[in-house]
Every structure is written in C-alpha cells, then in structure tokens.
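One structure is given below, encoded as structure tokens.
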Protein chains: 2
Amino acid sequence: MHETPARAREGDPTIEDVAAAAGVSIRTVSRVLNKSPKVNAETRQRIEAAIAALRFRPSARARALAMRRSFLIGLIHNDRNALVLDSIQRGVVALTAPRGYEVIVHPTPLETEAAIRDVLGFVERSRVDGLVILPPVSGVPGLAEALAEAQVPVTALSSVPIAGFADVIVSEERAAGAQVARHLLDLGHRRLGIVNGPADTASAMERRAGFIEEATRAGASVAEAPGDYDFASGVAGAEQLLARAERPTGIFAANDIMAAGVLKVAAVRGIAVPGGLSVVGFDGSLLTRMLSPALTSVLRPFGDMAAAAAERLIARIEGGEAPPPFEVELRVVPAESTGPAPSV
Amino acid sequence: MHETPARAREGDPTIEDVAAAAGVSIRTVSRVLNKSPKVNAETRQRIEAAIAALRFRPSARARALAMRRSFLIGLIHNDRNALVLDSIQRGVVALTAPRGYEVIVHPTPLETEAAIRDVLGFVERSRVDGLVILPPVSGVPGLAEALAEAQVPVTALSSVPIAGFADVIVSEERAAGAQVARHLLDLGHRRLGIVNGPADTASAMERRAGFIEEATRAGASVAEAPGDYDFASGVAGAEQLLARAERPTGIFAANDIMAAGVLKVAAVRGIAVPGGLSVVGFDGSLLTRMLSPALTSVLRPFGDMAAAAAERLIARIEGGEAPPPFEVELRVVPAESTGPAPSV
DNA sequence: ATCATATATGGCATCGGTGTCAATGAAAAT
DNA sequence: ATTTTCATTGACACCGATGCCATATATGAT
C-alpha cells in the first residue's frame with residue numbers, strides 16, 4: 001500500500017534515453033544541453049538529432065536539484081498593481097522564458113510586518129532564484145534588509161532608489177511631475193491643483209515636488225489635496241480643490257485612478273473637461289483610454305521596466321555582466337482631458 | 001575549472017539535519033512531512049520540534065523529483081484578461097499556496113495555432129502538474145484536444161462547457177443576459193440595444209440570446225451592433241445604435257470595456273446617462289467604479305471562480321474527491337449608469 | 001622516440017527528498 | 001510458551017540531472 005498516491009504521466013524521455021539513442025554517455029548529453037564548448041561538433045549534432053527525435057526536454061526539477069538553483073523567479077505584487085499587472089507580467093515573462101526561467105506570482109499584502117513575513121515565507125517555500133518586486137511593496141520599510149539577510153537576489157521597481165536594494169529600476173518621477181506642470185502651463189493654466197499620493201510614498205512626493213517646483217517657478221499657484229492613490233480619495237481631493245473660491249483650472253492627480261475620481265467630480269458638478277478643467281493622471285494605465293474624456297497621463301512603460309528588471313535580476317543570479325542602467329523615459333501623453341485654460 | 005558556475009545560498013537545513021536532530025531516520029521525518037499516520041505521536045512531536053528549531057523547509061524540487069510531480073500549477077492568460085487578472089491570480093494563489101502548490105503564469109497569444117503550440121511548449125518546459133486556463137484562450141479550438149492528448153490535468157474558466165475539457169467552471173451567461181434585460185425592462189425601457197461580443201465567442205452569444213429572449217418576450221425591441229470586446233468596438237457599436245431614428249434608451253454592452261465605449265459616445269453626443277440613456281456592462285471589473293457615471297454591470301466573481309477552478313484542479317491532480325460543482329452566481333449590480341427610461 | 005598539453009568523453013558521487021520492502025518490538029491470539 | 005498481528009521505524013534504491021575527476025586520444029614540443 002502506498003503512503004502517498006504517486007501519479008505521473010509516463011514516457012517523458014530522460015537524458016538517459018537520449019544518451020542511448022546517440023550512443024554516448026549522459027554526461028556528454030548534459031554538456032550539449034548546457035552548451036559546453038568541449039564537445040565535438042559531430043557528436044553534438046548526433047546528440048541534437050537524438051534530442052529532437054525523442055522530443056526530449058530536460059527536467060527542470062532534476063536540474064534544479066543538481067545545480068542548487070530552481071530556475072524560478074518570483075514576482076511580488078499587490079492589488080495596487082492591478083491595472084498594470086498584465087503588462088508587467090508580460091514584460092517579465094518575455095525576458096525570462098527564453099532564458100529558461102519560469103515566473104511564480106505572489107500577491108502580497110502591504111502592511112509592513114505582514115508583507116515581510118509573507119515574502120520571506122514565500123521565498124523559503126518556493127526557493128525562487130530571485131525576486132522582482134513591484135511598488136508599493138518594494139518600498140515597505142525593512143523589506144530590503146530582510147531580503148538582503150536572506151540573501152535572495154532582488155530587483156525592484158520603484159520611483160526612487162531604496163536603501164538596501166542593490167538593484168532598482170528607477171524612473172525620474174520628479175522630472176515627470178515637472179513635465180506635467182509644463183504641459184498645463186503651456187496650455188495657459190495658472191491656477192493649478194494637485195491630488196497627492198500617500199505622504200509616506202516616495203513616488204508621490206517626487207511627483208509633487210517636481211510639479212510644484214515647475215509651477216511655482218512659472219508663477220502659477222498650486223492648491224493641494226491629500227490622497228492615497230484610491231479612487232475615493234481622488235473624488236474627495238477633487239471636491240476639496242473644486243470647492244475653493246478660486247478654483248484651479250488644471251488638476252494633476254498623482255495616479256490614473258485618482259484622476260478618474262477627478263473626472264467623476266467634474267462630471268457630477270457639470271464642469272466640462274477640458275473646457276472648464278484640465279486633468280492629468282499618472283501611469284498611462286489601461287484606464288486612460290477608457291475614460292471619457294480620454295485621460296492625459298504620464299506614460300510609464302511598465303512592460304519595458306519589468307523586462308529590464310528581469311534582465312538585471314538574471315544577470316545578478318547568474319553572475320554575469322549587469323546590463324547598462326535602464327533609462328526609463330517618462331513622458332506626458334496628451335489626450336482629451338487637457339486643453340487650453342478657460343479664458344475667464 | 002567549472003563548466004557552469006554553481007551558486008547557491010548555503011545553510012538551508014535538509015531533511016537529514018532534522019533527522020539527526022530528532023534522533024530518527026530521514027524516512028521517518030519524511031513521514032511526518034507527508035502527514036503519514038504511521039508515526040508514533042511522541043516521535044512526531046520530537047520531529048516537529050526539530051523542524052521548527054531548525055526552521056526547516058523541505059525542498060520542493062527534491063520532492064518533485066522523487067514524486068514525479070512539480071507542485072506547480074500553470075495559469076494561462078491573455079491580455080484580454082488584463083482587467084481581471086489580478087483578482088483571478090489572487091483567487092488561484094489563495095487556494096493553491098496552502099496546499100503546497102505555486103502558480104506559474106504564462107501569457108499567451110490568442111490565435112489558434114500559435115496558442116496551442118505555445119501552451120504545449122509551456123507545459124513541456126515547465127512540467128506543471130496542471131493548468132488553469134482563462135477565457136478566451138480556454139475556447140481556442142483544438143486546445144482542449146491537444147491538452148488531453150498531452151495528459152495534463154486542466155480546469156478551464158468559460159461561459160459554456162467546452163468539448164474536450166473535463167473540468168470547466170461555467171457561469172450562466174444566458175440567464176445573466178436575461179437578468180440585464182429584466183433590469184432595464186423594470187426601469188421602463190422598451191427600446192433596447194445591445195453591443196455584442198465576437199460572434200464566434202460562446203459567452204457573447206449566450207449573453208445575447210438571454211438578453212434578446214427576455215426583451216422580446218416582454219415586447220421590447222432590440223437593436224444590435226457587432227463588437228469584439230474592445231473599447232473601440234464599443235464606441236463604434238454605440239455610434240451605430242444611437243444614430244438610429246428611434247434610438248434605444250437602454251444599451252447592454254457585452255463587457256465592461258465596450259460599455260466604457262458606450263459611455264464615451266454618450267458623453268460626446270451630450271446624451272445624459274442615465275437621464276437619456278441607460279448603460280449596462282458585463283464583468284463587474286475594476287472599471288465599473290472608475291467610470292462616471294459608475295457602471296451598472298453583471299458581477300462575475302472572478303476570484304471565487306478562479307479559486308474554485310484551482311480547487312477542482314488540485315482534486316484532479318491528487319486524485320481526490322472532486323468538490324461539488326461550483327455554482328457561479330451572476331447578478332446585475334446596479335450603479336449610476338442605469339435609471340428610469342426617459343418619458344418621451 | 002618521449003613527454004607535455006589540449007581535446008573529447010566517461011564514471012561515479014551527489015543534490016534532497018520519496019517508494020519499497022524488510023526489520024523490530026510489543027500486544028494479542030493460540 | 002509460541003505464533004500471529006499490528007504499529008513503528010529504518011535501509012537502500014531511485015528520481016534525472018550536474019560536479020568533479022579520471023581517462024583516452026590526438027597534437028605539438030623537445
């Protein structure tokens with residue numbers, strides 16, 4: 001009687017079958033699989049033919065055991081990433097799959113302690129070779145240190161360098177914030193508003209700083225409202241800004257979701273967009289196209305950023321040359337939600 | 001000289017360390033790990049203590065090799081799933097993680113041949129124990145047969161049973177379509193419109209059939225426009241419907257994204273929603289809350305459906321009892337985009 | 001001709017678990 | 001007292017690959 005029910009599809013050829021078919025030892029087949037140069041060209045051909053004939057695929061598991069690597073990469077994400085998860089995942093897989101890695105996903109909560117325990121547990125369980133971590137989880141205080149101690153290679157996406165993470169794909173959020181201000185200024189806006197992201201979030205503060213700096217330099221005023229990247233806070237922020245006596249004619253929301261909230265308030269109050277109010281979001285998510293009017297937003301190339309992160313991670317895992325720093329180009333993509341300032 | 005650079009974090013305790021610490025053989029430790037009943041209670045305690053003390057985690061890879069199972073589950077998705085991917089992924093992981101499985105994601109194209117080759121290649125490479133496949137990929141002709149031949153356990157999400165897949169989580173799309181019609185009829189609408197999904201998609205045709213059936217039975221008229229689940233086709237469909245002399249007062253779009261397109265056209269044409277036009281979507285995606293007005297939509301509990309799919313998949317893999325059929329309850333969630341028919 | 005050197009290949013241990021079957025000892029049956 | 005039975009545990013092979021080291025053959029140097 002079995003202690004556990006062993007069930008397996010039979011018949012997958014093994015390296016041994018290939019060796020037999022090609023009339024060599026398994027060790028030589030292994031060399032071919034690992035592209036070792038020390039194999040005679042003719043032998044290699046014979047082995048490759050056998051591999052093709054048998055439709056042999058090396059067992060990633062056996063290999064993992066022998067090499068003490070899992071060829072698995074963990075992608076740590078949070079529900080805040082929902083709107084961009086697909087493109088990020090696609091970017092990571094596009095880069096990892098051809099190099100023989102698979103991607104394990106791990107949704108995680110955001111609260112500091114829970115997140116750290118959760119991620120560490122995941123790493124221990126799954127024995128991934130490395131992690132790609134998305135913001136905002138990448139910014140969880142203490143996470144970098146905990147992972148460093150666990151000695152897991154990590155590449156993080158973030159807006160700012162994070163102490164403790166050796167490898168971070170950073171985007172120039174401050175410059176982007178300035179670019180948004182410039183966009184609105186160029187359209188003639190002089191009374192601006194901003195719905196901020198969470199105050200403890202570096203990305204939000206960077207965007208804010210760039211925006212306010214540029215606006216102030218140009219002599220425009222900036223009214224601020226707090227927000228936390230949620231739709232509801234976008235609504236609340238917009239209401240607060242639009243209730244002012246001298247209401248802003250251009251509002252920058254620190255992400256697309258809050259911008260959607262701003263558009264909603266405009267609709268409810270009967271303020272035409274962009275006739276009476278211009279709105280800019282941030283992320284360039286799926287959402288931008290689906291809102292009416294289509295949202296002007298700062299495009300962040302998530303797929304490319306994710307691919308770059310994966311590339312650097314693999315370089316780190318394999319000890320190869322790190323590819324050159326990835327230059328993330330953020331730019332305002334004008335759509336229908338911004339237009340000339342109303343001539344009051 | 002090494003042929004490949006072996007890099008490994010040292011120090012992870014193995015089953016052997018645990019056995020030594022507890023003063024038993026590794027085989028007995030293994031029994032504890034696998035919850036075999038044939039272990040003395042006291043011995044078990046001692047071993048569990050040792051496991052805890054050493055913070056031992058069994059190597060999934062070694063286990064996989066010995067048991068001829070990978071404890072990996074593949075999630076096949078497509079960019080059409082972008083808006084609901086997060087909740088689905090969350091649902092699958094919530095169920096698989098506690099049972100010792102990890103989830104590998106695999107984005108795939110949609111074209112018949114490419115998708116089949118792509119998925120088969122993925123299965124061979126990754127040696128997953130099973131697959132969860134999302135629509136529309138689950139409906140790719142020939143895929144079910146190909147996977148059956150490869151003998152991979154599969155559970156699919158779909159709107160209708162799919163020949164060839166033993167296990168499909170089906171939702172009652174036809175009834176849901178009828179429910180949408182009922183919702184609009186109850187609000188007094190008599191001239192209805194529908195923007196369909198792709199004609200070769202079972203889900204779309206089911207939704208259509210239910211909607212038209214119910215509307216016709218109540219003596220309401222239904223104007224139709226083609227669509228393909230894209231935003232642009234929602235726009236085109238709405239334009240077509242609203243250009244009619246007797247334009248519909250209630251429009252059902254077969255998914256949320258097209259419904260967003262309908263809202264957009266309404267906005268452009270200056271038609272008040274829901275004052276002059278009611279709009280209903282389908283999916284209950286993230287989008288519904290972020291549009292203005294908030295979209296009335298048919299909520300599909302993707303997270304629960306995905307969890308149910310994962311549960312059945314694991315049952316199939318482990319040969320256990322299949323859980324009872326999952327009853328997907330679809331229901332219209334009224335929001336701001338539907339209201340009483342204009343009294344013209 | 002002899003020895004060093006490089007190239008190509010194979011043998012065997014090993015990675016960290018589980019499967020199979022045998023061994024042990026205590027309790028129950030004869 | 002002897003045999004049977006059951007519960008518990010261990011020994012050893014094995015899963016399918018790679019690491020390390022040895023070996024055989026060809027090539028060049030002395």
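Both backbone and side-chain heavy atoms feed into the values below; hydrogens, waters and symmetry mates do not. Protein chains get the first letters and strands the later ones, always in sequence-line order, with residue 1 at the start of each.
Remark: Phe326(B) engages no residue in a ring-ring contact (aromatic ring centres under 6.0 Å, His included) (not counting sequence neighbours). For Val160(A), the side-chain contact (heavy atoms from CB on, under 4.5 Å) partners at least two apart in sequence or on another chain are Ser158(A), Ala202(A), Glu206(A). Applying the ring-ring contact (aromatic ring centres under 6.0 Å, His included) test to Phe71(B) and every residue at least two apart in sequence or in another chain returns Tyr101(B). The ring-ring contact (aromatic ring centres under 6.0 Å, His included) check on Phe56(B) picks up nothing, with sequence neighbours excluded. By the side-chain hydrogen bond (donor to acceptor under 3.5 Å, both in side chains) test, Asn78(A) is found to be paired with no residue, residues two or more places apart in sequence or in another chain being considered.
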Give me the distances for all protein-to-nucleotides 12-16 of chain D N/O pairs that come in under 3.5 Å?
| residue | atom | partner | partner atom | Å |
| --- | --- | --- | --- | --- |
| dC15(D) | O2 | Ala66(B) | N | 3.4 |
| dG16(D) | N2 | Ala62(A) | O | 3.4 |

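Sorted by first and then second residue, the pairs that involve residues 102-112 of chain A and meet salt bridge (Lys or Arg N to Asp or Glu O under 4.0 Å), not counting sequence neighbours, are Glu102(A)-Arg125(B). The side chain to side chain donor-acceptor pair (under 3.5 Å) pairs that include a residue from residues 45-55 of chain B are Glu124(A)-Arg55(B), where partners are two or more places apart or lie in different chains.
Between Ser30(B) and dT18(C) there is a side-chain polar atom (N or O) within less than 4.0 angstrom of OP1 or OP2. Phosphate proximity of dT18(C) to Asn34(B): present, with a side-chain N or O under 4.0 Å from OP1 or OP2. Distances shorter than 4.0 Å separate some side-chain N or O of Thr28(B) from OP1 or OP2 on dG10(D).
Note: NZ (Lys38(B)) to P (dC21(C)) measures 12 Å, nearest angstrom. Taking atom CZ of Phe71(B) as the reference point, atom P of dG17(C) lies 13 Å away to the nearest angstrom. One can place CZ of Arg31(B) at 8 Å from P of dG10(D), the figure rounded to the nearest angstrom. Remark: C1' of dG16(C) and CD of Glu124(A) are 17 Å apart, rounded to the nearest angstrom. We find that CG of Leu33(B) is positioned 15 Å from C1' of dG19(C), with the value rounded to whole Å. The distance from atom CG of Asn40(B) to atom P of dT24(C) is 19 Å, rounded to the nearest whole Å.
The distance from the CD1 atom of Ile169(A) to the CG atom of Leu313(A) is 10.0 Å, given to the nearest 0.5 Å.
Across its full length, the helix from dA1(C)-dT30(D) to dT30(C)-dA1(D) shows an angle of 50° between the axes of its 5 terminal pairs at either end, rounded to 10 degrees.
Counting only heavy atoms from C-beta outward, the side chains of Phe302(A) and Leu134(A) never approach each other to under 4.5 Å.
Using a 4.0 Å heavy-atom criterion, one finds that Val29(A) contacts no nucleic acid atom at all.
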